[in-house]
Protein chains: 2
Amino acid sequence: MAKQTITIYDVAREAGVSMATVSRVVNGNPNVKPVTRKKVNEVIERLDYHPNAVARGLASKRSTTIGVILPDITQMFFASLARGIDDIASMYKYNIILENSDEDVDKKVEVLENLQAKQVDGIIYMGNAVDDRLREAFKAARTPVVFAGSVDDKNTLPSVSIDNKAAVYEAVNKLIDNKNKKIAFISGPLSEPVNGKFRLEGYRLALSEAKVDYDENLVFETSNTYEDGVKLASEIASTTGVTAAFVANDSLAVGLLNGLQDLGVKVPEDFEIISSNNTSLTKMVRPQISSIGHPMYDTGAVAMRLLTKLMNKEEVEERNITLPFDMVFRQSTK
Amino acid sequence: MAKQTITIYDVAREAGVSMATVSRVVNGNPNVKPVTRKKVNEVIERLDYHPNAVARGLASKRSTTIGVILPDITQMFFASLARGIDDIASMYKYNIILENSDEDVDKKVEVLENLQAKQVDGIIYMGNAVDDRLREAFKAARTPVVFAGSVDDKNTLPSVSIDNKAAVYEAVNKLIDNKNKKIAFISGPLSEPVNGKFRLEGYRLALSEAKVDYDENLVFETSNTYEDGVKLASEIASTTGVTAAFVANDSLAVGLLNGLQDLGVKVPEDFEIISSNNTSLTKMVRPQISSIGHPMYDTGAVAMRLLTKLMNKEEVEERNITLPFDMVFRQSTK
DNA sequence: TGAAAATTTGATAACGTATTCATGGCAATG
DNA sequence: CATTGCCATGAATACGTTATCAAATTTTCA
């Protein structure tokens, strides 16, 4: 009963054909007479033959596996993207190798080499900071790479994301419309282009259009965690005149919200908040948080679809895809 | 400049040794003279040689890849487990292929076959319902399988989890101590052993020890979503006499909490809640929710460690590992 | 110093598939 | 009926490694 691995060769023998023919049947090659195809398929069924994907990969140089590099799968934003990726990937019969990078450059490069060794057919990269070393490694890679949820600010690589500048611009405009004079910008590391470049640009644009001077004391750089949001609350509360904030991450926003409320600040009466991403968190807290609706699942799905095209060497009309976002207003804004 | 793949053969030629020796160096085989090792390593460095993992897998029949099957990566519970798994996996140089099963039996079986074809060295299974067909497939698999976060109720497969019965027993005891007479049991599908068997047993044990009759009208079966928690609130509120609930999932508990509060029910004054898992959600809502502290990350990590042992055919003292849990009391209980 | 033992090394055969190229058969064509 | 051309098939090889076993080299020790 020792499960002897049965190979294409066994099938060939049983069916009285050559292994080449079996291979053709398995791969759906049309050049095989219906009769033989049927015969081979019966044997395959009877022997319960399953092609060995590793041998296949070696022979064909394609692994039907793609690599997904992300900072941390426990962050809802990335998990949602990953889910979108996986659904489309399995639709196209690809598997996903997941790698948590913790936004650590050395780890990213290591992980990338690892993925290459495993002969992945393509890579989806999520994360914000793109170090030059990594960018070079991506370019040198024999395999296509797609950015999901962020763009390479040098814009040299395919990507799928929303227009973060426009989104923040809208959000801040809303806060301006609500008569807020001093509006804080709160985000993770400004070294990450999505924060330090795109979002901040949207923020500044909205301010300047409203003839409000940009004040860098209103820009708060922190991490994306709930805890840091809570901590930040007292600092925000003691900054005179600030009555609203754009917060670049939902967890962070929830932390700030709770922290402020614990200090007796009333939201939205005394302070308005708009966050980014519109994860389920925004609906779970009270007051519910207004947020930029980021199509997370779709971003992953579209990125994966784009990757299939690139892997297939199809012509692609646009390598940098911008998905629409929407604004979801809830109780944290007036 | 066309990146010609360089093989072990190139290295051998350059270094003036046989490919066997190069292979030995690469794999850290001690039977190679330090001088040759040095020479080979220099060539490897110079040519920037990277072993092809696929060819390696074919020759050695080991892929240094493991499969992870889980219901849905966007659920925090599973994401946390996955993170623990991945960290230990990469510590042992394994990669992870992720598969979302959506708790669909057909999909699970398909996914399992897929993983086998890819020659994974081991599998970690998360999820609650274990269908007979799947169990048989697991047993027939040539590769070890470890359950993480749940146990096969037939107890035939290795697993890592907490003692859910004891945990719920403690939770319900707390509610009993707080003078609650009618305590609801709210969970996802009772067909899943973790709910219908272990947790329910803990609930019933606590009740019977307190000489409280078991009332099946107090057992609510739903899904694990926030939305269903909200919906359930009115039903709970209209069930006369119920003043507390054990809720098997944090999202569900948050939904219930918000739903009840929207109906004017005061928590914990009028109604007490203890949830399970103690994910970050429990701290983000107000009042914060008391919860069973489930060591999610550790469960994943330990499961992966156990799997490495099994893959390595090491002797394992205990195939069914029970991790300790703790009770975290917050404002949703008196 | 010489033989035996231990250590290093190399040649070669798997691993299980895809692919190329040659060939045989058969239908269509004149 | 002979010829052309196409379709279906098979033989052989490549993919890049690991693993086995024998050969070569070095070390040990009497």
Side-chain angles (χ1 to χ4, degrees), chain A residues 3-41 43-44 47-65 93 113-114 116-121 142, chain B residues 3-41 43-44 47-65 93 113-114 116-121 142:
Chain A
K3 190 129 184 178
Q4 189 68 27
T5 51
I6 90 124
T7 74
I8 201 172
Y9 201 78
D10 300 315
V11 176
R13 184 170 23 77
E14 287 291 309
V17 298
S18 76
M19 46 183 300
T21 300
V22 179
S23 175
R24 289 192 187 94
V25 171
V26 169
N27 292 296
N29 186 316
N31 292 342
V32 44
K33 233 194 309 197
V35 187
T36 15
R37 181 187 306 280
K38 184 154 176 289
K39 190 171 55 178
V40 170
N41 275 325
V43 176
I44 287 179
L47 298 188
D48 191 33
Y49 164 73
H50 293 273
N52 180 322
V54 176
R56 236 178 189 180
L58 183 58
S60 69
K61 302 201 157 242
R62 294 185 299 106
S63 61
T64 62
T65 301
K93 307 295 180 197
E113 283 180 358
N114 190 356
Q116 305 246 66
K118 295 249 162 144
Q119 302 265 81
V120 295
D121 299 332
R142 290 181 283 287
Chain B
K3 189 130 182 175
Q4 186 70 27
T5 51
I6 92 124
T7 74
I8 200 171
Y9 200 79
D10 301 315
V11 176
R13 181 169 27 75
E14 288 292 310
V17 298
S18 75
M19 47 185 298
T21 299
V22 178
S23 176
R24 287 191 188 97
V25 171
V26 168
N27 292 294
N29 186 316
N31 292 343
V32 43
K33 234 199 304 200
V35 187
T36 359
R37 179 186 308 279
K38 184 154 175 288
K39 188 171 55 181
V40 171
N41 274 326
V43 176
I44 288 179
L47 299 187
D48 191 32
Y49 164 73
H50 292 274
N52 180 321
V54 176
R56 232 178 194 180
L58 184 58
S60 68
K61 304 201 156 242
R62 294 184 301 105
S63 60
T64 60
T65 301
K93 306 293 179 199
E113 283 180 358
N114 189 356
Q116 306 245 65
K118 296 249 163 148
Q119 301 265 82
V120 295
D121 298 333
R142 288 182 285 287

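Proteins come first, then strands; the chains are lettered A, B, ... in the order of their sequence lines, and each starts at number 1.
- Dashed line: the shortest gap from a side-chain N or O of A/Thr21 to OP1 or OP2 of D/dT9 is not under 4.0 Å.
- Rounded to whole Å, the distance from CG on A/Asn27 to P on C/dT19 is 7 Å.
- Looking at heavy-atom distances under 4.0 Å, A/Asn52 makes contact with sugar-phosphate atoms alone, never a base.
- Residue-to-nucleotide proximity on DNA chain C shows that, of A/Arg62 and B/Pro30, the 5′-proximal contact is made by B/Pro30.
- Residues B/Gln119 and B/Ala20 each lie close to DNA chain C; by heavy-atom proximity, the contact nearer the 5' end of the strand is made by B/Ala20.
- In terms of phosphate contacts, B/Ser18 brings a side-chain nitrogen or oxygen within less than 4.0 Å of OP1 or OP2 of C/dG10.
- Remark: C1' of D/dT9 and NZ of A/Lys38 are 20 Å apart, rounded to the nearest angstrom.
- The side chain of B/Thr36 contributes an N or O atom lying less than 4.0 Å from OP1 or OP2 of C/dT9.
- Of the side-chain N and O atoms in A/Thr5, one or more sit less than 4.0 angstrom from OP1 or OP2 of C/dG16.
- Protein atom NZ of A/Lys33 is 8 Å distant from nucleotide atom P of C/dC26, rounded to whole Å.
- Taking every side-chain heavy atom of B/Val32 into account, C/dT9 is the closest of D/dT9, C/dT12, C/dT9.
- Judged by distance alone, the side chain of B/Asn27 and the main-chain N or O of B/Asn29 form no donor-acceptor pair under 3.5 Å.
- Straight-line distance from the NZ atom of A/Lys118 to the P atom of D/dT17: 14 Å, rounded to whole Å.
- Every residue two or more places apart in sequence or in another chain that forms a side chain to side chain donor-acceptor pair (under 3.5 Å) with B/Lys38 is listed here: B/Glu42.
- The only member of A/Val17, A/Val32, A/Ile8 that meets side-chain contact (heavy atoms from CB on, under 4.5 Å) when paired with A/Val25 is A/Val32.
- Here the P atom of nucleotide C/dG10 and the CG atom of B/Asn29 are 13 Å apart, to the nearest Å.
- Distance alone, capped at 3.5 Å, is enough to place a donor-acceptor pair between the B/Lys118 side chain and the A/Ser63 backbone.
- The interatomic distance linking B/Asn31 (CG) with D/dT27 (P) rounds to 15 Å, in whole Å.
- Between the CD1 atom in A/Ile44 and the CD1 atom in A/Ile6 there is a gap of 8.5 Å [rounded to 0.5 Å].
- In this structure, the CZ atom of A/Arg56 is 15 Å from the C1' atom of D/dC15, given to the nearest Å.
- Across all strands shown, B/Val26 has no heavy atoms under 4.0 Å from either base or sugar-phosphate atoms.
- In this model, the phosphate group of C/dT17 is not approached by any side-chain N or O of A/Lys61 to a distance below 4.0 Å at OP1 or OP2.
- Across all strands, A/Val17 comes closer than 4.0 Å only to sugar-phosphate atoms, never to a base (heavy-atom distances).
- A/Ser23 comes within contact range of at least one nucleobase, with a heavy-atom separation under 4.0 Å.
- Here B/Tyr9 does not reach the OP1 or OP2 of C/dT12: none of its side-chain N or O atoms lies under 4.0 Å away.
- No more than 12 heavy-atom neighbours from other residues, nucleotides or ligands sit within 6.0 angstrom of CZ on B/Arg62.
- Summarising the geometry, the separation between CG on B/Leu58 and P on C/dT17 is reported as 9 Å, rounded to the nearest angstrom.
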